[in-house]
Amino acid sequence: MQEMKKIIYTLLACCLAASCSLKEDNLSFTNRENSYGTFAQCQACVNACYTPLKDFYDVNYLWAVEAPTDLWSVSSRNPDPICNISPAQPGYATTNVWTQCYKGIVRANECIECIAKAPIEQSLREDLIAECVVLRALYYYHLTNYFDGVPFYTCMVKDLAVQEQIRLLPRTPANDIRRDLYMDIKNNALPYLDKVKTSKVSGNRAGHALGLMLMAKFAMWYAPENVEERGWTDAEWALLQLEDIYGDFSEQPESFEETYPLDDTKWSVKNTDESIFEIQHEWTATGIKFNGKMCRAYYPTGIGKKWDAENKAFFADEYDSYIDGIYMPQWGKQLSSLSVMRATWHMGAFRAKSGGSKEESTSEAFSYGDRLFDPLPLKLAEELADGKRWAATIDTEALLNGVNSKGQKIDRRIRYVLGLGDMDPSSETFGQTFRTVMKEGYVFPGEKFWVPNMLANYDSNNYKILRYADALLMMAEVKLMQGQEEDALTYLNIVRSRAAVDPFTKEDFPTDDKMKLIRDERARELAGELHRKYDLVRWGIWHTETKKYVPHEGAWADNVKRALYYNVEKFREYCPIPDTECALTIDPATGVPALSNPAYAGITVEPETDNNIE
């Protein structure tokens, strides 16, 4: 390991760098001699560093890092959500993440070096360079979370000779990269960026807040290895700086004067005060439209075609704003078919007992008693035609009052995170339940992700990558790991307060697994925001927790879900570097590739396709 580090840092010292993909030979995305002469030109080059984010933050990335978890499942033969991947068949997301992240890094590296020599005011140079330092760290954040160790460089590709040499750059251990980038941001970005919320930065660009959040994320990955030296204290320092910027998170829901209203967590509400970083998407009826499809994967099924209630089928050629049986014109129409996410029983489900009993099932197969959102604002109504179960319908009184008939508080986040039906009191169809929820108990992702008036998959939402609630829950974990349980509860309860649920007390900590409270709260607050697999992997429980909650036996486990169950193995915590990239790193002197996938040795898969995927 030490010898590998020595090789890597020697190469770095010589300014050896990788290209955005090892098979590309473009040394620059600009004409260097003419692209850095003015501030406007320099900023235009920095703008290009953002483009790769949109190019990999797509539906396939969603399915690779959010779907194969304890929270969601996707009825799709796409290889990403069922982890049917290998170096030879890496899935749709893997090659794109590798290529686009390195494209962003290449651009950031060039901007840093070229802008340092630009004939513009020094303070402007410092600001732009600092922004690129943060963006470069953001790309490495995704690479190390996705692949673990990757080739690491911070220098510009100057000529073909350097590019040829870089073919032999091996993986740098992920935590070495994270430690270096923590200090890089601290020393080379934070001093030059205004200490303000991202919403106060012109254009909502990468700034001081994003730098601090990435530092905390990096530190929490390497923290378990260095409890005494750095780690948790590094994370705490960055999070405290964020707290100084973002301030008091608490709210009084009845006042309607929240600093951080829960409604702002919807992706359609853009660049809010709580935001730390968002992928920016905009379109108008006459302008360029963004066809991203990520939010479309969060919709319930049966969107677009009109539902024939009498024959219990969709009309063949009649399109309208029907979402799984409910007429909801506010959420779009004429949308193409796409495999959609569904919540696992662990996340939230409401299933009647079989045999005609008007009671909720207590079967362990439905994770009863371990449901993250419990109670749900649902109740059992009329008996279904099969005579074996009862229909689940929305309990509108409980939803409006925040308390069910048993006096249990309803988590305010349910409306945003889970799709049970129309839960908007201002809607004409308020209280109508989705067919799938009514009959089977399965629930969908909620309106946090839906696009107002979506037409033909034009996804105009921003994708919220990082926000303040995430930082507060990170601080709860930091405090717990430092043995400060009361402080950990304080931060947990700050987030729970906005959800209008009861605060946790020390008695709520499980005796054998105190982290469970924090893990579950992160699931409730951040579900669907592309953190879950990374969280589970960092905690070392991804494969066990996912297997625990993925159906694999009985009527509720179709072939697709069984495929995910049997593909969830520990070695798939990280995705493989594609064979096509590894083959380009072969040393002609030895015939040995610099990059390989030892965890996947001997693993092959059958190719899978899904016609609904782009």
Side-chain angles (χ1 to χ4, degrees), residues 65-66 68-73 145 216-217 219-228 231-233 235-236 239 343-349 362-375 408-409 411 413 417 469-497 499 501-529 531-552 565 568-570 572-573:
V65 302
E66 188 74 19
T69 69
D70 59 330
L71 305 184
W72 311 102
S73 64
N145 287 357
K217 291 283 187 184
M220 291 180 74
W221 273 96
Y222 65 70
E225 298 181 6
N226 296 275
V227 175
E228 298 298 328
W232 300 115
T233 55
E236 183 180 30
L239 291 170
T344 63
W345 299 106
H346 176 45
M347 184 71 161
T362 57
S363 170
E364 291 184 1
F366 305 141
S367 301
Y368 187 86
D370 195 17
R371 187 165 57 196
L372 290 171
F373 282 106
D374 191 23
Q408 299 169 306
K409 290 186 177 181
D411 194 317
R413 293 171 294 195
V417 177
D470 185 1
L472 293 169
L473 293 171
M474 290 163 63
M475 183 64 97
E477 182 177 350
V478 167
K479 292 297 186 181
L480 181 62
M481 292 299 102
Q482 293 176 325
Q484 302 169 30
E485 292 185 7
E486 291 187 4
D487 288 342
L489 287 171
T490 296
Y491 281 98
L492 271 177
N493 289 331
I494 288 173
V495 176
R496 287 178 63 79
S497 175
V501 288
D502 292 329
F504 286 138
T505 66
K506 291 193 71 171
E507 287 69 31
D508 293 310
F509 268 130
T511 56
D512 58 340
D513 185 6
K514 295 184 184 300
M515 264 296 296
K516 179 172 173 53
L517 280 189
I518 295 172
R519 292 199 301 267
D520 288 354
E521 201 61 36
R522 285 187 66 81
R524 284 184 283 264
E525 180 67 31
L526 304 172
E529 298 186 26
H531 297 290
R532 191 59 177 178
K533 186 182 180 185
Y534 294 156
D535 280 344
L536 293 173
V537 170
R538 181 171 62 81
W539 294 324
I541 58 173
W542 169 71
H543 63 295
T544 56
E545 287 296 293
T546 302
K547 273 185 175 291
K548 182 177 178 181
Y549 294 110
V550 172
H552 64 285
Y565 178 85
V568 175
E569 300 293 344
K570 184 172 176 56
R572 286 197 168 102
E573 287 181 328

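Quick note: residue numbers are just sequence positions, from 1. Just so it is clear, the structure is predicted and the values come from calculations on it, not from any experiment.
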Worksheet item: Are the side chain of Glu485 and the backbone N or O of Leu480 linked by a donor-acceptor pair below 3.5 Å?
Response: no

Practice prompt. Output yes when Glu236 and Lys479 qualify as a salt bridge under the 4.0 Å nitrogen-oxygen rule, no when they do not.
Written response: yes

Worksheet item: When you check the gap from the basic side-chain N to the acidic O, do Glu521 and Arg413 get nearer than 4.0 Å?
Response: yes

Discussion item. The criterion is side chain to side chain contact (heavy atoms under 4.5 Å, CB included); which residues satisfy it with Ala216, sequence neighbours excluded?
Written reply: Ala238, Leu239, Met474

Worksheet item: What distance do Leu473 atom CG and His531 atom NE2 have between them, rounded to the nearest 0.5 Å?
Response: 10.0 Å

Practice prompt. Verify, without hydrogens or angle tests, whether His543 (side chain) and Glu573 (backbone) share a donor-acceptor contact under 3.5 angstrom.
Written response: no

Item to complete: Run the numbers on Met515 and Ile518 for side chain to side chain contact (heavy atoms under 4.5 Å, CB included), then give the verdict.
Response: CA-CA 5 Å; Met515 264 296 296; Ile518 295 172; 4.0 Å; yes

Worksheet item: Of the options Arg522, Arg538, Lys217, Arg519, which is the one that meets Glu477 in a salt bridge (Lys or Arg N to Asp or Glu O under 4.0 Å)?
Response: Arg538

Discussion item. Is there a side-chain contact between Leu372 and Leu71 in this structure, where contact means two heavy atoms from C-beta onward sitting under 4.5 Å apart?
Written reply: yes

Worksheet item: Got a donor-acceptor contact below 3.5 angstrom from the Thr69 side chain to the Glu66 backbone?
Response: yes

Item to complete: Taking Trp72 for its side chain and Met347 for its backbone only, find out whether a donor-acceptor pair lies under 3.5 Å.
Response: no

Discussion item. Less than 4.5 Å apart, side chain to side chain, heavy atoms only: is that true for Leu536 and Lys533?
Written reply: no

Discussion item. Donor-acceptor check, side chain of Thr344 to backbone of Asp70, threshold 3.5 angstrom: yes or no?
Written reply: yes

Worksheet item: With no hydrogens and no angle check, is any side-chain donor or acceptor of Arg371 less than 3.5 Å from a backbone partner on Trp345?
Response: no

